[in-house]
Every structure is written in structure tokens, then in C-alpha cells.
Amino acid sequence: MAVSMTMGRDTKWLTLEVCREFQRGTCSRSDAECKFAHPARSCHVENGRVIACFDSLKGRCTRENCKYLHPPPHLKTQLEINGRNNLIQQKAAAAMLAQQMQFMLPGAQLQPVTTFPMTPSLGTPTGLAAMGNGTSAQKHLRTDKLE
């Protein structure tokens, strides 16, 4: 029996806050100096936030009027950090899900989960080394609880 999950693309890590002064036309800082996004008119802004162009981060966007932000270097660096952290969280969540599914469906063959949105508080997998038989894993999980 194979278990698989399909999720939509998670673009939350690609969003940046738009400069409010820029939106009013009063920001005196350049794109490279402001810590907030200064999107072009072609960019889609929603609730004061804009999604950065993933292809632009990789240096391969060929769209003429891209609806996504092509960020300056300092914001690009921040987005790359966000992307790495997001990937780490997804892998940790997938490992935790696989561990939980192993207890619920003993002997099931599990396919890896590619995306799984989660909160940062869930980003610390515990007891992954104890995935052998159910009793040793349960004992291992119980030792970290406060009595």
C-alpha cells in the first residue's frame, strides 16, 4: 500500500512587504536602499505584499512584463534564506508525517512528501532514529516528556 499527498506550491516564503511610502510615492530611498519591496507597476500587489519571481532568483526569468517582483540583491539574499528555511521545515514535517504514518499503517510503503506547510514550532523532529519497531519508538518518545 502506498501513501502519497499532493499539495499546491507554497509561495509564502517568496512574499515581501511592499514599502508603504513607495506606494504613496513618497519613499526617498532607492530600491537597493529600502528594506521593503518597490515593485514595478506590472507586479501584482495584494494586501501590501508582493510575490518575488522565483525564476528571477535563479537568474532565468525571460518574461517581458513579469507580474512578480524582481528583487534587488539585499532582498534576494533574504528570500534565499527564507527558501532554505522553508525547505528544512518541509523535510522535517515530511519525516514526522512518515514516522506517524509508520505507526498507523505498519508495513506500508510510503512515498516522500515534497511539500507540507507547517508552523515553525513543528520544525524540530524528535525520535526519528527510533523508527524501528513500535515499542522502542514509543519508549523513546515518552522519555522526553515531563512526568
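Everything quoted here is computed from the prediction, not taken from an experiment.
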*Find the distance between SG (Cys19) and CZ (Arg24) and round it off to the nearest 0.5 Å.*
8.0 Å

*Tell me, do Cys66 and Ser56 make a side-chain contact under 4.5 Å, heavy atoms counted?*
no

*What is the minimum heavy-atom distance between Ala52 and Leu79, and which atoms define it?*
CB-CD1, 3.3 Å

*Is there a donor-acceptor contact under 3.5 Å from the side chain of His74 to the main chain of Cys34?*
yes

*Can you tell me how far OG1 of Thr62 sits from CG of Asp55, rounded to the nearest 0.5 angstrom?*
7.5 Å

*Considering non-hydrogen atoms only, spot the tightest contact between Pro39 and Phe22 and give its length.*
O-CE2, 3.3 Å

*Would you kindly confirm whether Val50 and Leu57 end up in one hydrophobic cluster when ILVMFWY residues are joined by side chain heavy atoms under 4.5 Å apart?*
yes

_Same cluster or not: Leu87 versus Leu14, using hydrophobic residues (I, L, V, M, F, W, Y) connected whenever any side-chain heavy atoms lie under 4.5 Å apart?_
no

*For the residue pair Gln23 and Gly48, what are the closest heavy atoms and their distance?*
NE2-CA, 4.4 Å

*Determine whether Trp13 and Asn85 make a side-chain contact, defined as any pair of heavy atoms from C-beta on separated by less than 4.5 Å.*
no

*Considering all heavy atoms of both residues, which atom of Phe36 and which atom of Val18 are nearest to each other, and what is their separation?*
CB-C, 4.1 Å

_Where Leu16 and Ala37 come nearest, the two heavy atoms and their spacing_ = CB-CB, 4.2 Å

*When rounded to the nearest 0.5 angstrom, what distance separates CD in Glu46 from CD1 in Ile51?*
7.5 Å

_Nearest-0.5 Å distance, NZ of residue Lys76 to NZ of residue Lys58_ = 9.0 Å

*In Å, rounded to the nearest 0.5 Å, how long is the span from NZ of Lys91 to CD1 of Ile88?*
8.5 Å

_Check: Arg29 and Glu21 side chains under 4.5 Å, non-hydrogen atoms_ = yes

*asked:* Just verifying a value: how many Å separate Cys27 SG and Glu33 CD, rounded to the nearest 0.5 Å?
replied: 8.5 Å

*For Ser30 and His38, which heavy atoms make the closest approach, and how far apart are they?*
O-CE1, 4.1 Å

